[in-house]
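Notes follow once the structure below has been shown.
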Number of protein chains: 2
Amino acid sequence: MTADTQIPRATAQRLPIYYYYLSSLHEAGIKRINSTEISEAIKFDAATVRRDFSYFGALGKRGFGYDVSALLDFFSKVLSQDKLNKVAVVGTGNLGQALMKYNFVHSSNIQIVMGFDVDPKKKELKIDNEKGETIPVYSIGDLKSELNKENVTIAILTVPGKSAQEVTDQLVDAGIKGILNFSPIRITVPNSVRVQNVDLTTGMQTLIYFVDNFENIKSAK
Amino acid sequence: MTADTQIPRATAQRLPIYYYYLSSLHEAGIKRINSTEISEAIKFDAATVRRDFSYFGALGKRGFGYDVSALLDFFSKVLSQDKLNKVAVVGTGNLGQALMKYNFVHSSNIQIVMGFDVDPKKKELKIDNEKGETIPVYSIGDLKSELNKENVTIAILTVPGKSAQEVTDQLVDAGIKGILNFSPIRITVPNSVRVQNVDLTTGMQTLIYFVDNFENIKSAK
DNA sequence: CAATTTTTGTGATCTTTTTATCTAATTCGT
DNA sequence: ACGAATTAGATAAAAAGATCACAAAAATTG
């Protein structure tokens, strides 16, 4: 079930991209695909695609390509699409609330089940998601107990930079295993906790830099 | 003014992180800093930090470190913090509206000045940002004229995957130079246009994969 | 002011990632 | 069923990126 080879980081980062693309092919009723076409759609070299897939074994057939359904099923398992991942939003400011309400991080295997905030007034907030379910907001003091009660191991961190590290420490103490960090701070966590940074401002600044310095960037092919 | 060396991609991606950190130091009244401390805060190796800086020349002093103000001023220029970048949001669904209202991509040099949508009803939307300014929403048919009128060269793409490529083609035709792509599609653009992908779902899926396959990821130090 | 400490900047090296090329398996048309 | 066309998977090479380690420069100390 689990891969027996060590998967390179860069490959792991591409897996959700493959998964999304395969889903769209499947929905469109496309039955087979080859590495060249995948390459064109996702903008990585065809050799990279084949190499990535090969870490998981021989998934394709020479002279034929890849069977979309089989590949999709496989990556579905690899990405734990079968199991439901309960997620908590920590920091229910504008961004946190927006993520809860509109389920921007949306996928069948991810469900935001609760929110936390330092401000006790936020407890009165009744945040309804798109399905009409009310997502409870708790005080940050109840982090540990509430997370454990529902067995939540993934957190979305949407607190201001100032309190990001302090709240992170509490999340770690509460047994959180993964943090999607929207704060502009690079948080410190022990080795056993995974962090994925999603900084909206950083992305935009990088883009502007790339636009302004087009000629100066290496391999901006 | 512009760097005379080719800046590696990886370095360019770290510039906004340095900038944010330096700003926070400056605000805190800290006058000098060394690569080791920077390294601890931003979680990249100290040698990487020094190497990154060195692409822009000798910014530090041996035996002393870096002067925070001077370094901040320098990166401020590198990242065009002095010039105002007008940005348009294309696709005023939940995510697009949230970005416009709450200015999540917020920084002094970035201003969202207009929105676009296929749905003509959206034109009646009066979206006020946090400063109380009303951001107009136009029909996507007016893309070219409105963008050119205000000299907008950066777009935030928040349309559904289905229409992402079609809208991208229109943006390119309208002369857009950079796209911050929130759609799950890897869009195709000509060589002269820069794309930065920010996929919320992908980030979360990658995180879950990293959490579930901790032992299988290479150099998850 | 000499000795010691600090800390940068960078050549050298190592690691990771990407790309190119080759080989052999499989398909497909006839 | 055969031969040409296709295409994955493997191997090799190249490129990009991270890290090591140390000389040189500057600061600090006694």
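The chains referred to below are lettered A, B, ... by the order of the sequence lines, with proteins before strands, and numbering in each begins at 1. Given the structure is predicted, the values throughout are model-derived calculations rather than measurements. Values below: all heavy atoms of this structure, side chains included; hydrogens, waters and symmetry mates excluded.
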Residues A:Lys86 and A:Thr153: side-chain donor-acceptor under 3.5 angstrom: no

Contact nearer the 5' end of DNA chain D, comparing B:Arg32 with A:Lys61: A:Lys61

[X] has an atom [atom1]; how far is it from atom [atom2] of [N], in whole Å?
X       : N      : atom1 : atom2 : value
A:Gln13 : C:dT17 : CD    : C1'   : 13 Å
A:Tyr18 : D:dA8  : OH    : P     : 12 Å
A:Arg51 : C:dT19 : CZ    : C1'   : 10 Å
B:Arg50 : D:dC22 : CZ    : P     : 13 Å
B:Phe64 : C:dT8  : CZ    : C1'   : 12 Å
B:Tyr55 : D:dG17 : OH    : P     : 8 Å
B:Asp45 : C:dT15 : CG    : P     : 14 Å
B:Lys43 : D:dA18 : NZ    : C1'   : 18 Å

On the ring face of [Y], is [X] found with NZ or CZ under 6.0 Å from the centre and within 45° of the axis?
X        : Y        : answer
A:Arg32  : A:Tyr66  : no
A:Arg194 : B:Phe214 : no
A:Arg9   : B:Phe210 : yes

Residue whose nearest DNA chain C nucleotide is more 5′ - A:Gly63 or B:Arg62: B:Arg62

A:Tyr18-A:Phe53 aromatic ring centre distance below 6.0 Å: yes

base_contact_polar (D:dG17 base, B:Arg14 side chain, donor-acceptor, <3.5 Å): no

Distance-only donor-acceptor test (3.5 Å): side chain A:Arg9, base C:dT16: no

Of the listed nucleotides C:dT18, D:dG17, D:dA24, the one nearest the side chain of A:Ala10: C:dT18

Can you tell me if the side-chain N/O atoms of [X] get under 4.0 Å from OP1 or OP2 in [N]?
X       : N      : answer
B:Tyr66 : C:dG9  : yes
B:Thr48 : D:dA18 : no
A:Ser35 : D:dA8  : yes

